[in-house]
2 protein chains.
Amino acid sequence: MATIKDVSKLAGVSVATVSRYLNKNGYVSKEAAETIAEVIEKLNYRPNNIARSLAGMKSATIGLMVPDILNPFFPELARSIEDAANGYGYTVMLCNTDNDSVKERKYIDTLLQKQVDGIIISSYTIKPEHLTGLQKQSIPVVLMDNVFSSDSVVSLTVENRRGGELAVQHLLAQGCSKIAHICGPLTITSSRERTAGFEDASRGTDWFTPSLIGYSDFTVKGGYSAMKELLALHPDLDGVFASNDLMAAGAMKALQETGRSIPSDVKVVGFDGIGLEMMNPELSTIAQPISELGKTAMDSLVGLIREESDIVTDQVFPVTLIKKQSTRKN
Amino acid sequence: MATIKDVSKLAGVSVATVSRYLNKNGYVSKEAAETIAEVIEKLNYRPNNIARSLAGMKSATIGLMVPDILNPFFPELARSIEDAANGYGYTVMLCNTDNDSVKERKYIDTLLQKQVDGIIISSYTIKPEHLTGLQKQSIPVVLMDNVFSSDSVVSLTVENRRGGELAVQHLLAQGCSKIAHICGPLTITSSRERTAGFEDASRGTDWFTPSLIGYSDFTVKGGYSAMKELLALHPDLDGVFASNDLMAAGAMKALQETGRSIPSDVKVVGFDGIGLEMMNPELSTIAQPISELGKTAMDSLVGLIREESDIVTDQVFPVTLIKKQSTRKN
DNA sequence: GTGAAAGCGCTAACAC
DNA sequence: GTGTTAGCGCTTTCAC
């Protein structure tokens, strides 16, 4: 494999000139530039990124940690982040932590060793103290779905609570009169918020009772079982808000299996806005602006890396109600 | 951040000794080892992977290229590969090529520059000549779903053709008498094979006619439209084999929308075996051994990296019929 | 058993 | 504008 030295020799210039040419900084005469370009072409030379990183202390690589790659939300997020990263010249190391904080810490360690220039962390389990290693080495961090007040960390969240409220309001507007809720893991902040939003909108109504809340785990199977249990307690419920789309899908299955039709007997709303085109009827949902979140995450990270001064450390994104067949009015 | 030098100084030994200790090669006296261990602990020292790569010419990183991270098949595959990679001490750079051969080549370039130790490529679009860059630098490659005869490339495929046959046979056994097929992109080898399997089993039967084959693109939407078109031509069809699960899901939706019930009116089989638990009824499918594929891919790659001699260059994995509700006998 | 020293390929002063 | 050179943090001969 050709090195910068080979190029410099063949082009009859010093490595410094080639380096300047490569990095487009410092002066390089037009002629020099041209011959260098030719030689690079001829030798099919590609700068060695590893050497570059070692010398320049930057790797042009960022880490992206996600809690569950099997939940379509995260591939969608990853894709938008990857696109943005490529635009900036960064490559992404995608790490699936499997919702396991041991794995999470191991990955943080690994990413540090690989000298990534920054990390985007989407995590259910992370705690501020896990970031101290990163802080100490002042690695820029963008945190999704969690807020830790700190000036070297950017936090991106969505209006989870308002989303929960919106969901209930929509169900009521469509004519529901007894709405159940399938909530996600209570260990997850955004999940708790969505449930809080549900309570905001339903507490005080004449139909609300705490047993209308089922506890689940963000999976299709979990949503399915939770729905079955809720139906046993409240066979007359006519609306369901699930804290994510996967649970909503599981709930729909349970409803259909017990002979209820959607939306005429029961209406269902999910949360996330992932592409679940295969659902029949299609699922209404409180959508997160996934691609905007990804793009902003990357923009912010680059801002931190470049030590720009005008970085917004906490951003809260709006959610939007997407009306589909699952909540169509009878 | 502490370096190997800091450790060596504090431990009163040379960097060479520390290096030997770290890599567990060469002799290190017990006492030396102990003090080094202590110092490492105390300094919270972590070897710099970048420097390691530069000196040792290996990065402990592998690349994984997938054509479509939004198709659940690939996250599942990625997850199993990642697990296996972690077991071997490798980190994975996941690259989504978006089914775009320009992006694909760019990623190959990037991965080369990052000095990955090997690459696992799952691609719809790749051609042998795209691997020449990798060959030249003798980067180990494991190819999934494609076979290029070459001794430095391991190819992993599944019995696509037999899977297509199995699907039809199953539908016939369940009582179908007119089976349509939704095939995937003809540019994809495995897709063509699945369709060939369908033809093997259906050509020569009294019901078969070429217009029972619909052409689509491996997406839910595509499967949906293809199904609608097929229904227009053959309203009396009673079985469908789609070349992947996503299209099968789309087909189910189209069938239900047109008032057909599954499985009593029409039975459906997919291909891949991804977790589509939200489907109602659940989808029967020809399953690929996804996690075994991932694990074997990683095992083979490590074999290539270590230049072991007993590497099987072409492996074909069996597929299995998973019977679910979508093909239940009436 | 251990250490000195020569790189790995590149960047970034600094001198010319 | 361009070249010289000293590292970046580590591995790995090779001598002791």
Side-chain angles (χ1 to χ4, degrees), chain A residues 1-37 39-40 43-61 89 109-117 137 139, chain B residues 1-37 39-40 43-61 89 109-117 137 139:
Chain A
M1 190 155 195
T3 74
I4 197 173
K5 241 181 180 165
D6 301 329
V7 176
S8 75
K9 263 184 214 150
L10 242 173
V13 297
S14 75
V15 292
T17 306
V18 180
S19 175
R20 277 193 295 266
Y21 169 83
L22 255 24
N23 298 297
K24 301 182 206 307
N25 60 10
Y27 297 98
V28 179
S29 70
K30 215 158 191 166
E31 310 137 61
E34 271 168 27
T35 34
I36 291 174
V39 173
I40 286 180
L43 260 41
N44 189 31
Y45 165 76
R46 293 280 175 279
N48 178 329
N49 227 290
I50 296 285
R52 252 185 171 166
S53 310
L54 187 57
M57 305 309 284
K58 48 178 150 277
S59 58
T61 304
D109 238 52
T110 305
L111 292 173
L112 273 170
Q113 286 183 51
K114 304 238 185 226
Q115 308 267 102
V116 293
D117 296 338
Q137 323 216 5
I139 305 279
Chain B
M1 191 154 193
T3 73
I4 198 172
K5 242 182 181 165
D6 302 328
V7 176
S8 76
K9 263 184 213 148
L10 243 173
V13 297
S14 74
V15 292
T17 306
V18 179
S19 173
R20 277 192 296 264
Y21 169 83
L22 255 24
N23 298 296
K24 301 183 206 309
N25 60 11
Y27 296 97
V28 179
S29 70
K30 213 158 192 166
E31 310 138 62
E34 272 168 28
T35 34
I36 292 174
V39 174
I40 287 180
L43 260 45
N44 191 28
Y45 165 77
R46 293 279 176 280
N48 178 326
N49 229 288
I50 297 285
R52 242 180 180 173
S53 308
L54 187 57
M57 306 307 284
K58 49 179 149 277
S59 58
T61 303
D109 239 51
T110 306
L111 291 174
L112 272 170
Q113 285 182 50
K114 304 240 185 225
Q115 307 271 97
V116 294
D117 296 338
Q137 321 215 8
I139 303 277

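So that the names make sense, note that chain A is the first sequence line, chain B the second, and so on, each numbered from 1.
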Sugar-phosphate only, base, or nothing, as touched by A/Y21 at under 4.0 Å among non-hydrogen atoms: nothing
Nearest-angstrom distance from the residue atom CG of B/L22 to P of D/dT11: 6 Å
Rounded distance (Å) that lies between atom P of D/dC10 and atom NZ of B/K5: 10 Å
Rounded distance in Å - CG (B/N48) to P (D/dC8): 12 Å
Separation of atom CG in B/N25 from atom C1' in D/dT12, rounded to whole Å: 9 Å
Under-4.0 Å side-chain N/O to phosphate OP1/OP2 contact, B/S19 with D/dT11: yes
Side chain to side chain donor-acceptor pair (under 3.5 Å) involving A/S8 - partner list, sequence neighbours excluded: none
Partner residues of A/A55 under the side-chain contact (heavy atoms from CB on, under 4.5 Å) criterion, sequence neighbours left out: none
Sugar-phosphate only, base, or nothing, as touched by A/T3 at under 4.0 Å among non-hydrogen atoms: sugar-phosphate
Nucleotide range of DNA chain C lying under 4.0 Å from chain A heavy atoms: C/dG9 to C/dA12
Which residues share a side-chain contact (heavy atoms from CB on, under 4.5 Å) with A/A51, sequence neighbours left out: A/N48, B/L54
Between C1' of D/dC10 and CG of B/N23, the distance in whole Å: 9 Å
Heavy-atom pair with the smallest gap, counting every atom of A/A11 and A/I36: CB-CG1, 4.2 Å
Listed partners of B/S53 passing side chain to side chain donor-acceptor pair (under 3.5 Å), at least two apart: none
Helix axis bend for the helix from C/dG1-D/dC16 to C/dC16-D/dG1 - C1'-based end axes, five pairs, 10° rounding: 40°
B/S14: partners by side chain to side chain donor-acceptor pair (under 3.5 Å), with sequence neighbours left out: B/T17
Set of side-chain contact (heavy atoms from CB on, under 4.5 Å) partners for A/L10, sequence neighbours left out: A/V39, A/K42, A/L43
Distance, rounded to the nearest Å, where A/R52 contributes CZ and D/dG9 contributes P: 19 Å
Residues that A/D117 engages under side chain to side chain donor-acceptor pair (under 3.5 Å), provided they are two or more places apart: A/S59
Counterpart residues, side-chain contact (heavy atoms from CB on, under 4.5 Å), relative to A/T35 (two or more places apart): none
Closest approach of B/Y21 to B/A37 (non-hydrogen atoms, all atoms of both residues): OH-CB, 3.4 Å
Within residues 44-61 of chain A or reaching into it, pairs that qualify as salt bridge (Lys or Arg N to Asp or Glu O under 4.0 Å) - sequence neighbours excluded: A/R46-B/D109
Nucleic acid footprint by protein, nucleotides 1-7 of chain D - heavy-atom cut-off 4.0 Å, B for base, S for sugar-phosphate alone: BBBBB-B
